[in-house]
Protein chains: 2
Amino acid sequence: MGFMVSTKGRYALRVMLDLAEGGGEEYVPLKDISDRQEIPHKYMEAIMSRLTKEGLVDAAHGKGGGYRLSRPAETYTVGEILTATEGDMVPVACLEGGFDCPRADVCKTLPVWRRLDKMIGDYLDSVRLVDLMDDAERDPRSLGRILAEPSQRPSS
Amino acid sequence: MGFMVSTKGRYALRVMLDLAEGGGEEYVPLKDISDRQEIPHKYMEAIMSRLTKEGLVDAAHGKGGGYRLSRPAETYTVGEILTATEGDMVPVACLEGGFDCPRADVCKTLPVWRRLDKMIGDYLDSVRLVDLMDDAERDPRSLGRILAEPSQRPSS
DNA sequence: TATTTACCTACTATATTGGTAGGTATATTT
DNA sequence: AAATATACCTACCAATATAGTAGGTAAATA
């Protein structure tokens, strides 16, 4: 079995959350974040490169430099962060962009994968970065509450 | 990115569906199935071995032998078939059995993965093998209908 | 006995994951 | 101007998984 989300995406999410919780306008050196999050600094650099190129964070060189969120924390979704680092996330090769299966029109299993893909995408897009923050506990939309009542869908 | 479901699971699902649509008590030679499904026969053997060991199909050697479903077609779910062939399917390494992350109690992203995992599992367990069959089109619970109205959850 | 089938073991090529190592460019401070 | 702190870039690597292939053995039937 393969994992849909690798360390790239998971680390990215933790770093973004770390930046959001810092909450300031100041740049935070990656060293600080990777120390706090116990993630290898050098490995993290590659991931930050993606986040910077995708415009999710701003970077600043030199002393006093580092990274910070490029937008208000409330505007980020988990789906967006994962897509930026993992690329388009699909649960099966059948759905990958650029691959068109010759059996697509006769394949009876394809609807399962499409539906699964949509469910996953909808869910990840529905969770906001701020829903994972500590002070989200008192927010009725927070994950803690959502997880406590599994019969409710998160967003719609 | 990695795929959650590899060819093992996807092929297995197609073979099980093929067997279900055959509908008989007779054993079907794997050669016939792999020809119809355009799956390499030799590769498929390994997958059938898993399905047999897990008790999802019966196998018979020799002439007139082959494979058949071991239970009524209505009793199979997609989740069961995928789990038999792929092993426990989790979207991230964090959730893998036997791995206990030392950061589990402080990790704020873990609830996302848990919730995601539950959604995926619930969905796959809710789709029955017979929901993918041709004659399920006239069944109001069929996937065709479900996919046409994306606001409705499949089973509950 | 011949044939048909499942079953078993070993091998392989390719890609991905999860890093490490070492250096360069840029900005700030002294 | 020099030292320092940071991001950024390129190359490499070991382990693992994927998607098979190849070649044989065992069992059941005709």
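Atoms considered below: every heavy atom in the structure, side chains included; atoms not considered: hydrogens, waters and symmetry mates. Lettering follows sequence order; numbering is per chain, from 1.
- With sequence neighbours excluded, no residue forms a salt bridge (Lys or Arg N to Asp or Glu O under 4.0 Å) with B:D117.
- Residues passing the side chain to side chain contact (heavy atoms under 4.5 Å, CB included) test with A:P102: none are found, sequence neighbours excluded.
- Non-hydrogen atoms lying under 4.0 Å from DNA chain C are contributed by nothing in residues 84-97 of chain A.
- The two residues B:F99 and B:A93 come nearest to each other via the heavy atoms CD2-O, 3.5 Å.
- Partners of B:D35 by side chain to side chain donor-acceptor pair (under 3.5 Å), not counting sequence neighbours, listed by chain and number: B:K31.
- Near DNA chain C, meaning a heavy atom under 4.0 Å away, there are no residues from residues 8-17 of chain B.
- Spacing between atom CE of B:M4 and atom C1' of D:dT18 amounts to 16 Å, rounded to whole angstrom units.
- For residues 50-64 of chain B, the pairs satisfying salt bridge (charged side-chain N to carboxylate O under 4.0 Å, His left out) are B:D58-B:R68, with sequence neighbours left out.
- Between the side chain of A:S49 and the backbone N or O of A:E45, no donor-acceptor pair lies under 3.5 Å.
- By the 4.5 Å heavy-atom criterion applied to side chains, B:L51 and B:Y67 are not counted as neighbours.
- A donor-acceptor distance shorter than 3.5 angstrom exists from the side chain of A:S70 to the backbone of A:L56, with no hydrogens or angles considered.
- Boundaries of the chain B contact region on DNA chain C are C:dT4 to C:dT17, first to last in 5' to 3' order (nucleotide atom under 4.0 Å from a heavy atom).
- For A:E38, the side chain to side chain donor-acceptor pair (under 3.5 Å) partners at least two apart in sequence or on another chain are B:R103.
- With sequence neighbours left out, A:A73 forms a side chain to side chain contact (heavy atoms under 4.5 Å, CB included) with A:A20, A:L69, A:V130.
- Scanning for side chain to side chain donor-acceptor pair (under 3.5 Å) contacts around B:E25 gives an empty result, with sequence neighbours left out.
- A salt bridge (charged side-chain N to carboxylate O under 4.0 Å, His left out) check over residues 78-100 of chain B, counting only residues at least two apart or in different chains, returns the pairs B:R71-B:E80.
- When rounded to the nearest whole Å, the span between OH of A:Y27 and C1' of D:dA7 equals 12 Å.
- Against DNA chain C, the stretch residues 42-70 of chain A makes heavy-atom approaches under 4.0 Å through A:K42, A:Y43, A:H61, A:G62, A:K63.
- A:M89 has its side chain within reach of A:L82: a pair of non-hydrogen atoms, C-beta onward, lies under 4.5 Å apart.
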